[in-house]
Engineer: 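Quick one: this structure, given as structure tokens, is what I'll be asking you about.
Everything numeric in this text was worked out from a predicted model, so none of it was measured. Proteins get letters first, then strands, A, B, ... in listed order; numbering begins at 1 in each. Every heavy atom of this structure was used, including side-chain atoms; hydrogens, water molecules and symmetry mates were not.
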Amino acid sequence: MGETTEKTGAESTAFSNFIWDIIDEDLRTGRFDHVHTRFPPEPNGCLHIGHAKAICIDYGTAERYDGLYNLRFDDTNPVKEEVEFVEAIKEDIRWLGFDWGEREYYASDYFEQLYQFAVQLIEKGKAYVCDLSPEEVREYRGTLTEPGRNSPYRDRSVEENLDLFRRMRAGEFPDESRTLRAKIDMASPNINMRDPVMYRILHAEHHRTGDEWCIYPMYDWAHGQSDSIEGITHSLCSLEYEIHRPLYDWFLDELEIYHPRQIEFARLNLNYTVMSKRLLLRLVNEGHVRGWDDPRMPTLSGLRRRGYTPESIRTFCDEIGVAKADSVVDIAMLEHCIRDDLNQRAPRVMGVLRPLRVVIDNYPEGQVEDLEAVNHPLDPGMGTRTIPFSRVIYIERGDFCEDPPRKFYRLAPGREVRLRYAYFITCVDVVKDESGEVVELHCTYDPATRGGDAPDGRKVKGTLHWVSAAHAVTAEVRLYDRLFTQENPLDVPEGEDFTAFLNPKSLQVLTACQVEPGLADAAVGSRYQFERQGYFCVDPDSSAGKLVFNETVPLRDTWSKILKKQQKNK
RNA sequence: UGGGGCGUGGCCAAGCGGUAAGGCAACGGACUUUGAAUCCGUGUAUCGGGGGUUCGAAUCCCUCCGCCCCAGCCA
């Protein structure tokens, strides 16, 4: 992002993190003379914003040091992984703005090499075929406080192990009947070192290798060697792998192959949402959301559909920083990033979400005026447009109050306000239905205030957005709120489930919204600021004649704070 | 409980022995044809607690406390 390593002192301080400190040191001491990273997703689900953080760290670090980065799918478990996810993941990463070029790899590319590595370990007497059942393996492993016991198959001869392992590969044994295990130390205080499984038998079809294999490497056995094969210098990963590092070191050292340096950082947590593929999958499968790309989901596809820009997500990832402390980032930080980005780039339009009909009594029947409006008050380069004005318009229901509270400076009986880019109007009458609900307003306008300025210099406090009733386009607008009502949805009472905290009002659909006519042909994905309301994005559900908008994020709303304070003081 | 990590204002997070950056949030005010944006301003931070070393410690040592992770033939 325009950052170079030649920064001023202030900038380089602001952008430092402990990973870069380590890499600086590695480069200085000559441990490495370049930087090559990788992002290693498992294709078993969609990427979420937590992955975006990891990608920005992995790829951003490589960019910072003018190095390379790989994309490698950790596809070592055929029963969980699907091609659809590899495609979705690639799309998400590209959308985020990263290009891995030709360096797209798969752990499955290394299956044969990994097999040969395993044979090497067997030959060194460092791995053995174990016939213990899954339950027995668990029993033999011991507990956190008690050491494990050696497997009775631990001392098989090299020849027997070689033969058995070959036959495992040949498909002679059923699933779960045997495993290949590393011979390390069943008494290690680090449970990962208690003869971990390297291969398991899985008669399952793999999305890339088909039925070529019926034994598959465990992640722990595949990961470090994959990094080594690819010449990764800095293997950046999340904290939970820290305790696996001794195992990765052991494998690499026993194999005597190139040794990357692993550095662990804390994964991203956001309040009011969940960030695990398993839970996200449940939300999808149980129908709590409409899919992985539901705009309420923290998935990249969801955020994209919601209207988030890739730039805003990358800025967010930069701003939250990188550290080793577990933390929960306030969703307000993310919202700030998208507002900041959209404020600069989104053209402004007017759209009335909850229309209230207003008749301007003294405006000539049948007359239509084209009024000029700027597309972006901060960027004249974005040009202007015209908006039709006529005798009957719609304003926002919330912009009228019959008995206004203090400091309410919108429309009320007898009050004058400005219609943006149009005229000053004064409310002269309120029409209600039998139930007492306001259904229509009558106003008068001041012809001298065309464009929104009064020649006599009189001021109005309020400016309202509006739309001409005869010209407006009807649209559906989907308003979103946080998916969960509780900051930490996982902090559930006994017997409860995180779904208990699902926010019933996370989606609100408004079907009778009226937007300015220029929006009729808005392209799917285009983003706008509906003035005084928020940022909206055209949803793919839109079709010719049917516009659907997603609310990306509302504008900050000082008035609602004032109101809340007033009510509290009562 | 064994092991591995982590604890800096409400939330992130700099800091690496010389006397606590920045962002978000919050709260004032200015400005305003978006109650937006923008601009100004506002925090006594027990640097998890307690000892110690030092002229001087968030930074070094000791100790205690709290939180997270590991007992998948998941990744």
Side-chain angles (χ1 to χ4, degrees), chain A residues 10 13-17 21 40-42 44 74 76-77 79-81 130 132-134 137-138 141-148 175-181 188-194 196-202 215-216 218-220 222-223 238-246 264 266 268 271 277-278 318-337 339-340 343-344 348 350 373-374 377-378 407-410 418-422 424 449 451-453 459-465 529-534 554-562:
Chain A
T13 302
F15 283 87
S16 84
N17 66 50
D21 289 346
E42 183 192 14
N44 69 339
D74 268 330
T76 54
N77 187 350
V79 314
K80 284 192 174 180
E81 296 146 7
C130 179
L132 253 24
S133 70
V137 168
R138 195 185 324 123
R141 188 157 33 223
T143 67
L144 293 178
T145 50
E146 305 155 25
D175 289 4
E176 300 194 335
S177 59
R178 289 174 218 268
T179 56
L180 182 74
R181 295 226 260 163
S188 172
N190 181 347
I191 292 184
N192 296 291
M193 300 298 269
R194 318 239 266 227
V197 172
M198 294 163 62
Y199 277 94
R200 72 287 216 185
I201 300 173
L202 239 37
I215 57 172
Y216 289 93
M218 296 290 289
Y219 172 87
D220 277 350
H223 193 77
S238 46
L239 253 27
E240 65 265 34
Y241 294 106
E242 198 153 19
I243 196 149
H244 293 244
R245 196 171 62 213
E264 309 83 7
L268 169 67
N271 57 13
K277 282 194 217 170
R278 190 177 65 81
D318 282 347
E319 291 190 355
I320 56 175
V322 189
K324 294 195 71 156
D326 289 311
S327 60
V328 182
V329 175
D330 194 331
I331 191 93
M333 186 86 95
L334 215 209
E335 293 178 340
H336 161 260
C337 291
R339 281 196 189 102
D340 189 52
N343 177 44
Q344 295 171 58
R348 266 103 250 233
M350 292 198 283
V374 304
L378 306 162
K407 288 187 180 171
F408 181 89
Y409 46 86
R410 276 112 101 140
R418 170 170 40 234
L419 293 178
R420 178 139 236 228
Y421 300 125
F424 286 11
T449 57
D453 279 311
K459 302 279 184 208
V460 287
K461 252 324 208 165
T463 299
L464 273 39
H465 60 278
Q529 183 196 94
F530 285 8
E531 292 211 35
R532 303 208 307 132
Q533 308 205 90
L555 251 27
R556 296 188 58 179
D557 184 2
T558 305
W559 169 238
S560 72
K561 286 181 191 168
I562 294 171

Engineer: At under 4.0 Å between heavy atoms, what does A:V322 touch on the DNA or RNA strands: base, sugar-phosphate, or nothing?
Structural biologist: sugar-phosphate
Engineer: What is the distance, rounded to the nearest whole Å, between atom NZ of A:K459 and atom C1' of B:rC31?
Structural biologist: 12 Å
Engineer: Does a nitrogen or oxygen in the side chain of A:S327 sit under 4.0 Å from OP1 or OP2 of B:rA13?
Structural biologist: yes
Engineer: Please state the C1' separation for the pair B:rC62 and B:rC69 - nearest whole angstrom.
Structural biologist: 26 Å
Engineer: Output the single nucleotide from B:rA13, B:rG4, B:rC27 whose closest atom is nearest the side chain of A:E242.
Structural biologist: B:rG4
Engineer: Give me the ring orientation class for A:Y219 and A:Y241: parallel if the planes are under 30° apart, tilted from 30 to 60°, perpendicular past 60°.
Structural biologist: tilted
Engineer: For the side chain of A:A323, starting at C-beta, report the closest nucleotide among B:rA14, B:rC16, B:rG7.
Structural biologist: B:rA14
Engineer: Could you write out RNA chain B as dot-bracket? Rules: Watson-Crick or G-U wobble, both distances under 3.5 Å, brackets [ ] for crossings, | for pairs with another strand, dot for unpaired.
Structural biologist: .(((((((.[[[..)..(...]]].(((((.......))))).....[[[[[..)....]]]]])))))).....
Engineer: For nucleotides B:rC55 and B:rA25, find the distance between their C1' atoms and express it as a whole number of Å.
Structural biologist: 41 Å
Engineer: Where does B:rG28 fall, syn or anti, if syn means a chi angle no more than 90° from 0?
Structural biologist: anti
Engineer: Any non-hydrogen side-chain atom of A:N192 less than 4.5 Å from a side-chain atom of A:I243?
Structural biologist: yes
Engineer: What does A:V328 touch in the nucleic acid at a heavy-atom separation under 4.0 angstrom: a base, only the sugar-phosphate, or nothing?
Structural biologist: sugar-phosphate
Engineer: Is a side-chain donor-acceptor pair under 3.5 Å present for A:T463 with A:R420?
Structural biologist: no
Engineer: To the nearest Å, give me how far apart CG (A:N271) and P (B:rA25) are.
Structural biologist: 13 Å
Engineer: In whole Å, what is the span from the CG atom of A:D318 to the C1' atom of B:rC24?
Structural biologist: 15 Å
Engineer: Sticking with atom C1', work out how far B:rA45 lies from B:rU19, rounded to a whole angstrom.
Structural biologist: 15 Å
Engineer: For the residue pair A:K561 and A:R556, establish whether any side-chain heavy-atom pair is separated by less than 4.5 Å.
Structural biologist: yes
Engineer: Grab the CD-P distance between A:E146 and B:rG2 for me, whole Å please.
Structural biologist: 13 Å
Engineer: Check whether any side-chain heavy atom of A:P196 lies under 4.5 Å from a side-chain heavy atom of A:M218, and answer yes or no.
Structural biologist: no
Engineer: Using a 4.0 Å heavy-atom cut-off, write out nucleotides 34-43 of chain B from 5' to 3' as B (base contacted by protein), S (sugar-phosphate only) or - (no contact).
Structural biologist: BBSS------
Engineer: For nucleotides 68-75 of chain B, read 5' to 3', which letter fits each nucleotide if B means a protein heavy atom sits under 4.0 Å from the base, S means only the sugar-phosphate is that close, and - means neither?
Structural biologist: SSBBSBSB
Engineer: Is there a side-chain polar atom (N or O) of A:K324 under 4.0 Å from OP1 or OP2 of B:rG7?
Structural biologist: no
